[in-house]
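Report on one structure; see the data block that follows.
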Amino acid sequence: MVSGKKIVVDINFKELKIESVSKSFPGVQALDNVSMKISAGKVHALMGENGAGKSTLIKILAGAYSKDTGNILFDENKLNIRNPNDSLNYGIKVVYQEISLISEFSVAENIFLDNFPTNSLGVMNWNKLYKDTEELFNRVGFNLNPKSKIADLSISQQQMVEIARAVFKNASVVIMDEPTSSLTPNEIEKLFTVIKNLKQNNIAILYVTHKIDEIFKIADEVTVLRDGQHISNKLISETNEELIIKDMVGRTVNATFERPKDILNAKTVMKVNKISSKNKIKNVSFDLHEGEILGFFGLMGAGRTELAKAVFGYDKITDGQIEVNNNIYKSFNTSTMVNNGIGYITEDRKGEGIVKDMNLRENMSLPSLKIFEDLFIINQKKEKKAADEYIKKFSVKTPSSERLITLLSGGNQQKVLVSRWLIRELKIIILDEPTRGVDIGAKTEVLSLINDLAKQGLSVLLMTSEMNDLLSLSDRILVMADGKISKEFYRGKVTQEEIFKASVN
Amino acid sequence: MKYFQTNESILFGLLVLLCIFLSFYNPQFYSIQNIHSILRSSSTVMIVAFGMTILLTSGEVDLSVGALMSFVTVIVMDVINITGSISLGLIAVFGFCLLIGLINGLVRTVLNVNSLIATLAMMLILQGSVYVYSMAAIYNTHLIPLFSFIGQGFFLNIPMPVVIMLFILPFFVVLLNYTRYGRYFSSIGSNPDAAKLSGINNNRYKVLGFVITSLLVGVSGVILASLMDTGQQGSAKGFELIVIAAVLLGGTSFMGGKGTIIGTILGILILKIIDNGIILMRIPQEFQLIVPGFILILAVYFDGIRKKNSG
Amino acid sequence: MNNILKYLRKGELALFIIFLIVFIIFSFSSEYFFTLRNIMNVSGQLSIILIAAIGFSVLLIAGEVDISIGSLLAFVSLPLIEIMNITGSVPLGIILCLIFGIIIGLINGYLSVYLGVSSLIVTLGMLFILRGAVYLYTGQRAIPDELMSDFFFYIGNGKFMGTIPYAAIIGLVILLIFIFVMRNTSYGRKLYAVGGNQEVARLAGYNIKLLKLSAFVICSFLSSISAIILASRIGSANHVAGDLFEFQVVAAVVLGGVSLAGGIGSLTGAAIGVLILSVISNGLGLLNIDTQWQLVVNGVIIIIAVGFDELKRNR
Amino acid sequence: ANPKRIGYIVNYGTHEWYQNVIFGLQSRADELGIELEVMDANLDINKQTQQAEDFMTKGVDVLIMTPVNEEGVVPILRKAKAEGMPTVLEGNPAKGMTTLFAICDYDAGYKAGDAVGRILVSRGESEARVMDVGLPLLSATLLRSLGFMEAIAKHVDAVKVHELDGSGMIDSSVEVASAALAADSNINVIYGINDGSALGGLQAWRAAGLPEDDLIVAGTGAEGLAFLNEMTKEGTPYLVEAAMFPEGVGYTGMNLAVDLFNGVDVPEHKVTPTLALTVHNYAKYYDFDKAGQKRAINFANVANIPTETKCTKYASDL
Ligand SMILES: Nc1ncnc2c1ncn2[C@@H]1O[C@H](COP(=O)(O)OP(=O)(O)OP(=O)(O)O)[C@@H](O)[C@H]1O
Ligand SMILES: Nc1ncnc2c1ncn2[C@@H]1O[C@H](COP(=O)(O)OP(=O)(O)OP(=O)(O)O)[C@@H](O)[C@H]1O
Ligand SMILES: [Mg+2]
Ligand SMILES: [Mg+2]
């Protein structure tokens, strides 16, 4: 047995073995007797629907959760992981699904968080800290200033810091839980280079993603979990997209969308006129038609999120105006917009989406409580009925609508947040990365629901980094660069390349 | 019983145990006078605690309630003395409380000052300016019987302060548990960004929370003035700590998001019965500090254990 | 220049400018204010709050709070004076006082960190318990320092070379040590990390519990040093000592930009916060302004300074 | 020659008692052409120490102090001595002091108790059952309670049914007295160690709906208008007040400070007058304007009250 206390990591193992690991939470069997092997120098993809148990498995490897039963081994040596420190000592490094950085610290401090360079008295060696970080970035090809504060970075930049941190040294196993969920294509390419690099250094990589095309680019092997159980394990060369999806969902899914032709002749429901905001939006104008899906594309920091927030009244606009429902607004807040029948789904689920002290039902009904009111009193029966309906519709994995939202898996939380707006009458919905972290089955459901609702007259502002979804759903695509709209494209008359070109403008 | 949450059952059990213990020790505990005395002194705390529960639920706190309360006793006595009209006295009080609540709320929302600090500052300002208003205590020279009735009278053999409290209570139970406003307050306390992005006007409800609390302080302050028959600066010393301790004991979280009026009421009753028991048992009054200290820590500790066990 | 700009962003320079303005106004309005004697007096006077504020800030930065420090001040001066009176030894009294402080810090820390009761609740309870215990033990009568040793008297009242108060020197040394520890040691950075995001710190393999416990102990320990200076200045273990002290410390520390939410702020800022409030209190006193008006002024200054800082941060 | 500037650090300047002490000090200072500067420690013992240092910086001619706590001012007295600054204490003695002006608490309580005893006898009662709304925090207030009980015992059997800590505040007094009365309301005398405590006890009695016919309330201090308001009400049970004439205290204190400055021999304890006031004799000492809520003291008559040179009991006798 290898002691967890003080070990010099022996990178020369052949396989990280997970043997019959189980883990249950009250009311949920998150992992049920799962076994798998991750070989050194190989990328092992882990797939499964939301709530399948992927993150749970990772957290057990990381020492964040303790397993109920089972073993974890380097070849024949049992690992004794009691806490995150043990795991780090074994060289197991994790890029978590939710951003895990200290936002008041510099990039460099975050990278070396678990091992600050100090002298023997514990005094920080700042020069070494910055130099080592600089070197690391050069090595992995990221372009970040080691001294910038995390809070000043965009979500995707933050994700890059997380990735860099995991690979910096002493890694024997690198685990990535949906690392690309907020990266742009350009950055994803960089990440793949990093991963190839890691492979060459004989590091074992466990890679969790919902983006199926990625695994054919980098993975050597794929394991699928469903409901906490091991379903299949195949070499990448022996499988294909359809097979994997079938293993994951238990059926096949179809993801192409029909859009009505003459949508741009429909009446205008929102006119955004030359708005600017304190954070970066400059002179943006566009119209939105009834039933239209208006897609937005932009590279990291292009300002889509800021635009969404400015339109929704979260950020004050400093200039320009917005016309909805024949009202012209120069100064407005979120409740003005909600009252005008506009909804918003954030890209930052944990920070701005879920209300952690509330259960699933209460989270779902938050913006729509008025419709459940009898006089002044909330009719909880009505409320619960609506919640149950959407739990069923999106197959949210939960024992009941009364479960605390924080106990759901990331993707299931996202489904709740989507439902939050669909249970009320909406004219316009603003979607900022609505399918981030949502599994392929549910994603198709969410997207076809958006499509259906749009056909019934709902207008959609769609901000997504998933080019395929954008192309297949949008009636028009606006490309943003540096807070401005750089180009407008029409459905069917544009290629991926053209969009990219416009976005680097 | 269905509406009791588990935490509240624990407090309720504690309360029953206390009562049984005290009544064995001193049968006087159940005398009608004693029950009146406990309930009367609980009422002023409860009335303010309703507001404080809302504030803590929405992630804010008001430390200025004690200072405001003593200011209210001075204003109400002075204005009624001068005008001879209770209505004018009440108008002055509630006008003033409204103003203070608004200032607290606006300093919190517009200047974005943490409410602990904003209301600490307000406490200093009120403590200082009450003396600027009147150096001396203000005695009842109007001698209007109705005014004495507010704090000292009985209605159907129930002390008036209790009647007033019972009159206000249902409103807050319903507000927090069964209306959308209750949900708004807790979502603002739990995740202000999520609340704002759900179309809730956080600032409006925060200001409302401060205003409600201040107005309730007005009610309690008038009762206190009637009870003391005096407008007394420096009264209600340490009142804010008692209110906050009771609300926390009742299971409301200081970090916002969770609050219960029933818990608050139980918390206050427990603290007040301990106070009362210490006098009944003729134990040194110093224990009026020590025992609640232990109870507070223990109650929250057991609540934590329970939550851990139930997942 | 770069360094100054860095400070400006943290709001510390702005605070320092407020301090200078206050200082200059008082210098012009009171002939006694800008005298060596008065400046030295103030620096001695503020050390009691300063030292406790340092400990309090360290704890806040680690994401916890201790509002029992006022009661602690009264409580730990009991062993100090009693032991001095009984044994006739000042060092023995001081050591026991500090040990008591450390023990209370351990209790506070154990209850909050290991038993998981929120530190606000624990220390609110402790505020009542310690004060009650002091009342009970003393029968609400102060215990005088009967030894009357010069050494003990000088801790809070003496001046080095007749000019610089020893209390000020103690305060300054402690401040410099802790500024360094919090900024430039891995221990200090870990406290920031724990306060900034506990879960992340846990996943980085930190021993969160031990780190937080140590912060509780630092807070109680430094407050005990404040207690020693105070006891020397009031010649007794006094049941009325430290009443509302926690509010004074919170106000100063937050004024100095230390966040109640944890992980944000600096000891330099906290010290400037203490400086501003102490100088205002001294200056208004010298100008014969009513204590009641001083309360009002303090309240307004806190709101303006903190509000100003927040507004700026929002830009 | 008279001193030019005198500093006074009051322990609790917002209390009516001390406001009237300051009034007395100021009245005499005005007569003598002395500049009086007042700082208020507001019950903060640390602040009082700082204020003493500030007065030394300012270099006043005499420093008068009412200690927040007697033990707490010992180091200040030591420093003042080292600086050669004359100091005068008010209220309570402290180690190392030169001189003190204060009432005799025991004797004040005694006088009130004596008056209550006489009333009880005149009513044909044989027993005094007393609720003492006290303040164990201070030896001074303990002495008052002691004197009160011992004086009553001279006339009738005296039983202390309740011994309470009302913090000297009306609101706390109402609270604790309510609880005590609920436990046992068989009392016929309420004694308060100051006006607020007496009034609080009385208000608790009223709130409990108890009959006031056989009750006697006695307060102490006459620090403000409370007793005058109550006493002049029809049928009130508030019959006796151990008056301590705070204005007179201040007046005397100023004289003492001037004497000390001039090197005149000063007593260690200058006792100031106390007297049991009732509705029959108050007008001799106070001109009370009920409508205007003002009172004016008659300094001359107060000065003529026969006064002890030494108290019957001191804190050390407790
Ligand atoms: N701390 C917890 N307490 C209770 N239940 C939990 C907890 N963490 C996870 N679960 C439950 O365990 C199951 C597996 O969750 P997990 O987060 O591992 O899913 P996942 O495969 O990562 O899904 P996703 O793709 O949505 O991230 C879910 O049903 C979830 O609700
Ligand atoms: N220069 C900057 N300074 C501070 N914060 C920034 C800056 N640039 C971006 N951010 C933050 O990064 C986040 C994402 O940036 P932005 O919204 O501009 O990108 P986007 O086009 O929405 O792309 P994505 O959401 O895919 O990152 C926002 O929350 C924004 O506050
Ligand atoms: Mg997951
Ligand atoms: Mg974005």
For the student: nearest non-hydrogen atoms of C/Gly299 and B/Ala121, plus distance: O-CB, 3.3 Å
Search all heavy atoms of C/Gln292 against all heavy atoms of B/Gln127 and return the closest pair with its distance. OE1-O, 3.8 Å
So which heavy atom on B/Gly293 is nearest to which on C/Phe128, and how close? CA-CB, 4.1 Å
To the nearest 0.5 Å, what is the distance between CZ on B/Phe287 and CG on C/Leu136? 4.5 Å
Considering only heavy atoms and a distance below 4.5 Å, find which of B/Leu298, B/Leu249, B/Ile297 pairs most often with chain C. B/Ile297
Of all heavy-atom pairs linking C/Ala251 and B/Leu120, the shortest is CB-CD2, 3.9 Å
Any non-hydrogen side-chain atom of B/Leu241 less than 4.5 Å from a side-chain atom of C/Leu127? yes
Given C/Leu130, C/Leu120, C/Thr123, the one with more heavy-atom pairs under 4.5 angstrom with chain B than any other is C/Leu120
Locate the shortest heavy-atom distance separating B/Ala118 from C/Ile303; write the atom from each residue and the value. O-CD1, 4.2 Å
Check each atom of B/Tyr131 against the heavy atoms of chain C and say whether the ones under 4.5 Å are side chain, backbone, both or neither. side chain
Nearest 0.5 Å, what's the CG-NZ distance between C/Asp243 and B/Lys237? 4.5 Å
Are more than 12 heavy atoms from other residues, nucleotides or ligands located less than 6.0 Å from atom CZ of C/Phe19? yes
Part of B/Leu63 lying under 4.5 Å from any heavy atom of chain C: side chain
Can you tell me if C/Phe247 has over 12 outside heavy atoms packed within less than 6.0 Å of its CZ? yes
So which heavy atom on B/Val132 is nearest to which on C/Trp293, and how close? CG1-CZ2, 3.4 Å
Heavy-atom pairs under 4.5 Å with chain B - which of C/Val122, C/Leu260, C/Asn298, C/Ile67 has more of them than the others? C/Leu260
Contact check, side chains of C/Ile302 and B/Leu124, non-hydrogen atoms, under 4.5 Å: yes
Could you tell me which portion of C/Ile121 (side chain, backbone, both or neither) has an atom closer than 4.5 angstrom to a non-hydrogen atom of chain B? both
